[in-house]
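So that the names make sense, note that chain A is the first sequence line, chain B the second, and so on, each numbered from 1.
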Protein chains: 2
Amino acid sequence: MAAGVDVETIRYYEKAGLLPSPARRANGYRDYGGKHLERLAFIRHCRALDLPLAKISRLLELLSQPAAACDDVDRLVESQLERVRIRIRSLRALEKQLSALRSRCAGPQTAAACGILHELVTAAHRESVAHAGEDRAAAAPVTRGGRRKVQA
Amino acid sequence: MAAGVDVETIRYYEKAGLLPSPARRANGYRDYGGKHLERLAFIRHCRALDLPLAKISRLLELLSQPAAACDDVDRLVESQLERVRIRIRSLRALEKQLSALRSRCAGPQTAAACGILHELVTAAHRESVAHAGEDRAAAAPVTRGGRRKVQA
DNA sequence: GTTGACATTGAAGCGGCTACAGGGTTCCAA
DNA sequence: TTGGAACCCTGTAGCCGCTTCAATGTCAAC
């Protein structure tokens, strides 16, 4: 029975402690049983939901302790959902910018006349000026322990 | 003038060949000039558009060759836009799944009774069965050179 | 002179695989 | 029977775009 998962990925999970090491055949080949495959399917399903391996690990732990409380399962799903929504919002903003950018293209040009390149440069410039203003404003109240930035 | 970019990130760009090494002061400190800052701002703006460094590198190259043709600038933006749209679609599907999953939560439970965990396990199982069917179907015509999957 | 916040370098770590080198095994066909 | 393809093994390094760390140097303020 094929599991539909790349071998290297499985071995990676094994090394990472998400899958127990399977029994070996006489020749040293791994021998996966039903339990392994179910566990693997569970992992892949969770990965398809973009859960990080660390959280999946936690879920697997809970699965093996039926009496444990499951409050953080809900929290985990909730926070994952929130992450996904945030990512969608930022990608939508990105999409807007990129399609605006695309509309700057006026057909084959030289680099010097390229509307897209031109827009990228001026947008970058605008932003860097805005940043400088921000920093000047933020510098006044306290010298808080933010990460260091660069001087020119 | 602060550039709003983490120092380590800048050095990373320098090592990666995206930024030229700046002049040094007597004590060895880096001395950034206007050109550097502009170039840095350009890079950060492109990164904000989620362009990979390799593509940004290509754009910078074009910027320094005003006479070059800029056809691939358009293609680059286009393909980036396509990537973003695909990602949005898949994240929306994800959002759906996650919010369906969340609705399975019936308040504090033990792990054994947790609706979410339960759903995860059965969904994973369904999928693994579907996969097995797929593979059986795909195995018939030709043994094409796909990546190897696991046996149980 | 001592503290504290900056700067420098190089190397390692993150996540989640993916690829590759250098071998062994199994199976099928010529 | 031999040869080649297609699988398996182990171990290590690479990918991206940073981030973090350790060990050291420099500089301004108190």
Side-chain angles (χ1 to χ4, degrees), chain A residues 1-19 21-32 36 40 42-58 60 80 83 87 90 94 135 139 142-152, chain B residues 1-19 21-32 36 40 42-60 80 83 87 90 94 135 138-139 142-152:
Chain A
M1 198 216 302
V5 182
D6 193 298
V7 181
E8 323 278 1
T9 301
I10 294 176
R11 289 212 282 262
Y12 174 79
Y13 291 159
E14 196 181 321
K15 231 188 304 185
L18 282 141
L19 281 175
S21 355
R24 298 304 182 113
R25 293 209 270 257
N27 53 16
Y29 286 19
R30 284 176 180 76
D31 209 354
Y32 296 98
H36 282 94
L40 178 56
F42 182 84
I43 295 173
R44 293 308 295 173
H45 181 66
C46 292
R47 283 296 299 133
L49 295 176
D50 216 16
L51 291 172
L53 293 184
K55 308 240 171 178
I56 298 175
S57 187
R58 175 84 186 109
L60 285 168
Q80 181 65 9
R83 278 184 15 162
R87 188 89 184 105
S90 93
L94 207 48
D135 283 5
V142 199
T143 307
R144 304 131 316 137
R147 287 197 54 63
R148 49 262 150 78
K149 306 297 160 78
V150 160
Q151 300 283 117
Chain B
M1 194 217 305
V5 182
D6 192 298
V7 181
E8 323 282 358
T9 302
I10 294 175
R11 287 212 284 262
Y12 174 79
Y13 292 159
E14 195 180 323
K15 229 188 305 187
L18 283 146
L19 281 175
S21 354
R24 298 303 183 113
R25 293 210 268 257
N27 54 17
Y29 287 18
R30 286 177 178 75
D31 209 353
Y32 297 98
H36 283 93
L40 178 56
F42 182 84
I43 295 173
R44 293 308 295 175
H45 181 66
C46 292
R47 284 294 300 132
L49 295 175
D50 215 17
L51 291 171
L53 293 182
K55 308 241 171 177
I56 298 175
S57 186
R58 175 87 186 105
L59 291 178
L60 285 168
Q80 181 65 10
R83 276 186 15 165
R87 188 86 184 109
S90 91
L94 207 49
D135 283 5
V142 198
T143 306
R144 301 132 318 137
R147 289 203 46 67
R148 49 262 153 76
K149 306 297 160 75
V150 160
Q151 301 282 116

> Judged by atom type as modelled, is there a donor-acceptor pair below 3.5 Å linking the side chain of B:Arg83 to the main-chain atoms of B:Arg87?
Replying inline: no
>> What I want to check is whether an N or O donor and acceptor connect the side chain of A:Tyr13 with the base of C:dG16 at under 3.5 Å.
In response: no
>> If the condition is ring pair (Phe, Tyr, Trp, His ring centres under 6.0 Å), which residues does A:His36 pass it with, not counting sequence neighbours?
In response: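 With sequence neighbours excluded, A:His36 shows a ring pair (Phe, Tyr, Trp, His ring centres under 6.0 Å) to A:Tyr32, given in chain and number order.
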Whole angstroms only, please: what is the [atom1]-[atom2] distance between [X] and [N]?
X	N	atom1	atom2	value
A:Arg30	C:dT26	CZ	P	16 Å
B:Lys15	D:dC16	NZ	C1'	14 Å
A:Glu8	D:dT10	CD	P	11 Å
A:Leu18	C:dG16	CG	P	10 Å
B:Tyr12	C:dT9	OH	P	17 Å
B:Leu19	D:dG17	CG	P	14 Å
B:Ile10	D:dT19	CD1	P	12 Å
A:Asp31	C:dT25	CG	P	17 Å

>> Please determine whether side chain to side chain contact (heavy atoms under 4.5 Å, CB included) holds for the pair A:Leu53 and A:Tyr13, giving the CA-CA distance in whole Å, both sets of side-chain angles, and the decisive distance to 0.1 Å.
In response: CA-CA 9 Å; A:Leu53 293 184; A:Tyr13 291 159; 3.9 Å; yes
Counting side-chain heavy atoms from CB outward, which of [options] is closest to [X]?
X	options	value
B:Arg11	C:dT8, D:dC9, D:dG17	C:dT8
A:Arg24	D:dC9, C:dT8, D:dC18	D:dC9
A:Tyr29	D:dC9, D:dT19, C:dA7	D:dC9

> So does A:Arg44 pair up with A:Asp50, basic N to acidic O under 4.0 Å?
Replying inline: no
> Are A:Glu14 and A:Arg11 within salt-bridge range, i.e. N to O under 4.0 Å?
Replying inline: no
> How far does CG of A:Leu19 sit from CZ of A:Phe42, to the nearest 0.5 angstrom?
Replying inline: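 The CZ atom of A:Phe42 is 12.0 Å from CG of A:Leu19, to the nearest 0.5 Å.
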Under-3.5 Å N/O pairs linking protein and nucleotides 2-4 of chain D:
none

So, is [X] close to the [N] phosphate, meaning a side-chain N or O under 4.0 Å from OP1 or OP2?
X	N	answer
B:Asn27	D:dC27	yes
A:Arg25	C:dT26	no
B:Thr9	D:dG17	no

> Taking it one step at a time, do A:Val5 and A:Ile43 satisfy side chain to side chain contact (heavy atoms under 4.5 Å, CB included)?
Replying inline: CA-CA 11 Å; A:Val5 182; A:Ile43 295 173; over 6 Å; no
> Is there a residue in residues 45-57 of chain A whose heavy atoms reach under 4.0 Å of DNA chain D, and which residues are they?
Replying inline: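 The stretch gives none, as no residue of it lies under 4.0 Å from the strand.
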List the atom of [X], the atom of [Y], and the distance in Å for their closest heavy-atom pair.
X	Y	result
A:Leu49	B:Leu94	CA-CD1, 3.4 Å
B:Cys46	B:Leu59	SG-CD1, 4.1 Å
A:Ile56	A:Leu51	CD1-O, 3.6 Å

